[in-house]
Amino acid sequence: MNNLIITQVEEKIKVSGAGVFSASQTFECGQCFRFDKNENGEYEGVATDSPSASGHFARISNSDDGEVLFSGTTMDEVKNFWISFLDLERDYEKIVSTYSEDSHIGVAARTCSGIRILKQDPWEALCSFIISQNNNIPRIKKIIRSLCENFGEKTKSGHFTFPDARVLAEAESLAVIRSGFREKYIKDAAQKVADGEIKLEVLKMMPYEQAKAELMRIKGVGEKISSCVSLFGLGFLGAFPVDVWIKRVLEKHYDADFDPSSFGEYAGVAQQYLFHYERCYASDE
DNA sequence: AAACAGGCCTAAA
DNA sequence: TTTAGGCCTGTT
């Protein structure tokens with residue numbers, strides 16, 4: 001557990017020593033869809049533990065001194081799940097220092113330095129990013145909520161788990177979630193994962209390009225979605241998803257022949273800084 | 001009311 | 001190999 005210090009502070013659990021962390025940047029940079037800000041400004045939601053597929057609930061925020069604060073969970077869960085999920089043991093400053101100095105990534109990384117790349121469950125990431133295509137965030141969240149409420153399981157704490165691939169593969173129809181033309185894509189993903197034609201846990205151990213190619217065998221999964229799943233679900237921090245926002249960034253700040261893979265081993269982290277900066281901090285033109 | 005939203009598929013050059 | 005439409009649905 002490296003240099004992390006875990007303490008009980010009143011009814012909350014505090015994790016110190018993780019370096020810069022921002023709950024709002026992490027949960028609002030578009031990488032996940034099941035965490036929402038509550039009336040106390042905490043981000044609460046359920047995260048799936050792969051491969052057991054069990055759901056963990058927590059409320060996550062920053063303490064006044066910038067450390068990580070949890071409530072609604074336990075010391076054990078923080079130690080055994082949340083620290084890993086939030087990637088708190090990784091040295092992000094070191095990652096940023098690997099980028100070759102160009103001013104724009106410098107500004108973006110500094111401004112968005114509180115972002116952590118969540119280690120999401122690959123199956124949940126796969127479904128979520130299939131749903132995200134040609135769609136907007138409020139509706140993405142709504143569809144995913146409906147998916148969990150209709151096909152997930154209700155936990156003791158009253159929250160819903162993300163449905164298992166088998167459940168979706170066997171479901172008569174997914175029409176209730178109103179995912180439109182994406183339904184057949186979700187179905188195809190569920191079937192391939194359920195009968196082991198695609199083994200997500202195995203993809204984690206393959207070379208990135210190969211894992212991505214496997215994902216793209218699924219209907220409705222192309223270049224962008226496969227790289228999102230690779231980055232957010234499989235732990236390939238070198239994956240660099242290019243969507244309309246990133247296209248805009250590349251046009252504005254980089255030469256036409258610029259190759260994002262030149263960001264290196266941690267290109268995906270750079271992508272997230274660039275993406276979030278463009279959406280939330282950049283002035284329009 | 002028409003356009004648009006964090007892509008992908010298919011058909012056609 | 002690249003390019004144009006079309007796609008479910010909800011919101012503005």
Side-chain angles (χ1 to χ4, degrees), chain A residues 24-36 45 108 112 115-118 120 122 124-151 168 171-193 198 211-234 236-237 239-254 256-257 259-260 263 267-282 284-285:
Chain A
S24 60
Q25 287 185 337
T26 297
F27 290 108
E28 288 183 17
C29 72
Q31 61 178 321
C32 66
F33 304 99
R34 290 188 77 201
F35 282 81
D36 291 298
C112 303
I115 292 178
R116 298 284 167 145
I117 303 295
L118 300 174
Q120 299 183 62
E124 176 171 339
L126 174 57
C127 277
S128 298
F129 284 98
I130 286 174
I131 289 167
S132 79
Q133 72 179 271
N134 198 43
N135 214 341
N136 52 56
I137 290 172
R139 192 160 86 105
I140 296 166
K141 287 187 163 184
K142 193 172 161 193
I143 292 171
I144 293 173
R145 193 178 316 126
S146 171
L147 184 68
C148 296
E149 288 172 1
N150 283 284
F151 298 97
L168 298 189
E172 194 61 40
S173 159
L174 305 181
V176 285
I177 70 170
R178 310 198 57 71
S179 61
F181 65 86
R182 304 163 193 81
E183 173 165 341
K184 54 185 177 297
Y185 302 155
I186 299 170
K187 269 287 192 184
D188 189 54
Q191 277 156 13
K192 289 192 163 73
V193 170
I198 291 183
K212 189 163 93 162
E214 281 293 295
L215 290 171
M216 287 175 65
R217 293 170 49 220
I218 298 165
K219 282 269 178 242
V221 177
E223 199 55 51
K224 194 271 179 178
I225 291 173
S226 60
S227 48
C228 281
V229 176
S230 297
L231 176 58
F232 303 120
L234 298 176
F236 290 106
L237 296 186
F240 192 95
V242 177
D243 62 356
V244 294
W245 291 91
I246 289 293
K247 269 193 195 119
R248 226 166 281 162
V249 173
L250 294 176
E251 281 166 15
K252 268 163 78 168
H253 300 281
Y254 295 88
D257 62 346
D259 180 3
F263 282 120
V269 183
Q271 182 273 355
Q272 208 55 24
Y273 292 144
L274 296 171
F275 176 79
H276 190 55
Y277 183 84
E278 184 66 17
R279 295 206 57 179
C280 297
Y281 301 95
D284 17 60
E285 212 43 12

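Every chain is numbered from 1 and lettered A, B, ... according to where its sequence line falls, protein lines coming before strand lines.
A close approach under 4.0 Å does not occur between any side-chain nitrogen or oxygen of Arg139(A) and OP1 or OP2 of dT11(C). OP1 and OP2 of dA5(B) both lie 4.0 Å or more from every side-chain N or O belonging to Lys142(A).
At the heavy-atom level, Ile137(A) lies under 4.0 Å from base atoms of the strands shown. Across all strands, Glu183(A) comes closer than 4.0 Å to no nucleic acid atom at all (heavy-atom distances). If you check every strand for non-hydrogen atoms under 4.0 Å, Gly30(A) touches a base.
Protein atom CD1 of Ile218(A) is 15 Å distant from nucleotide atom C1' of dC9(B), rounded to whole Å. Counting to the nearest Å, the P atom of dG6(B) and the CD atom of Glu278(A) are 13 Å from each other. Per the geometry, CG belonging to Asn136(A) stands 14 Å off C1' belonging to dG7(B), to the nearest Å. At whole-Å resolution of the value, CD1 in Ile140(A) and P in dG6(B) are 7 Å apart. One can place CD1 of Ile131(A) at 14 Å from P of dG10(C), the figure rounded to the nearest angstrom. Here dG6(B) presents its C1' atom at 9 Å from CG of Asn135(A), a figure rounded to the nearest Å. Between the C1' atom of dT9(C) and the CZ atom of Arg178(A) lies a distance of 7 Å, rounded to the nearest Å. Between Ile143(A) atom CD1 and dG6(B) atom P there is a gap of 13 Å when expressed in whole angstrom units.
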- [ ] Start with the C-alpha distance between Gln272(A) and Phe232(A), add both sets of side-chain angles, then the distance that settles side chain to side chain contact (heavy atoms under 4.5 Å, CB included), and finish with yes or no.
- [x] CA-CA 10 Å; Gln272(A) 208 55 24; Phe232(A) 303 120; 3.3 Å; yes
TODO: Take Phe129(A) and Phe33(A) through the ring pair (Phe, Tyr, Trp, His ring centres under 6.0 Å) test and state the conclusion after the steps.
DONE: CA-CA 10 Å; Phe129(A) 284 98; Phe33(A) 304 99; 5.4 Å; yes
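Smallest separation of non-hydrogen atoms from Gly220(A) and Gln133(A): O-NE2, 3.1 Å. Scanning all heavy atoms of the two residues, the minimum distance from Ala125(A) to Gly233(A) falls at CB-CA, 4.1 Å. Nearest heavy-atom pair, Phe27(A) versus Cys32(A), reported as atom, atom and distance to 0.1 Å: CD2-SG, 3.7 Å.
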Open item on the list: Within the 4.0 Å limit for protein heavy atoms, which parts of nucleotides 2-7 of chain C are touched? Write it as a string from 5' to 3', B for base, S for sugar-phosphate only, - for none.
Closed with: -----B
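Side-chain contact check for Ile225(A) versus Ile218(A): every heavy-atom pair is 4.5 Å or farther apart.
Going from the P atom of dG6(B) to that of dT2(C) covers 26 Å, rounded to whole Å. For the P atom pair drawn from dA1(B) and dC8(C), the interatomic distance equals 23 Å after rounding to whole Å. dC8(B) and dT11(C) have their P atoms separated by 24 Å, with the value rounded to a whole Å.
Classification of Glu223(A) and Lys212(A) as a salt-bridged pair holds, one side-chain N sitting under 4.0 Å from a carboxylate O. Salt bridge annotation for Lys192(A)-Asp188(A): present, with a cationic side-chain nitrogen under 4.0 angstrom from a carboxylate oxygen.
Two residues, Phe232(A) and Val221(A), neighbour DNA chain B, and the one matched to the more 5' nucleotide by heavy-atom proximity is Phe232(A). When each of Lys219(A) and Phe275(A) is assigned the nucleotide of DNA chain B with its nearest heavy atom, Phe275(A) is the one assigned upstream, toward the 5' end.
Taking only distance into account, the side chain of Arg279(A) meets the base of dG6(B) through a donor-acceptor pair shorter than 3.5 Å.
Ring geometry for Phe240(A) versus Phe263(A): interplanar angle under 30°, hence parallel rather than tilted (30 to 60°). Aromatic ring pairs are classed by plane angle as parallel below 30°, tilted from 30° to 60° and perpendicular above 60°; the pair Tyr277(A) and Tyr281(A) is parallel.
Helical stems in DNA chain C, defined as runs of 3 or more consecutive Watson-Crick or G-U wobble pairs with donor-acceptor distances under 3.5 Å: B:2-5 with C:9-12, B:7-13 with C:1-7.
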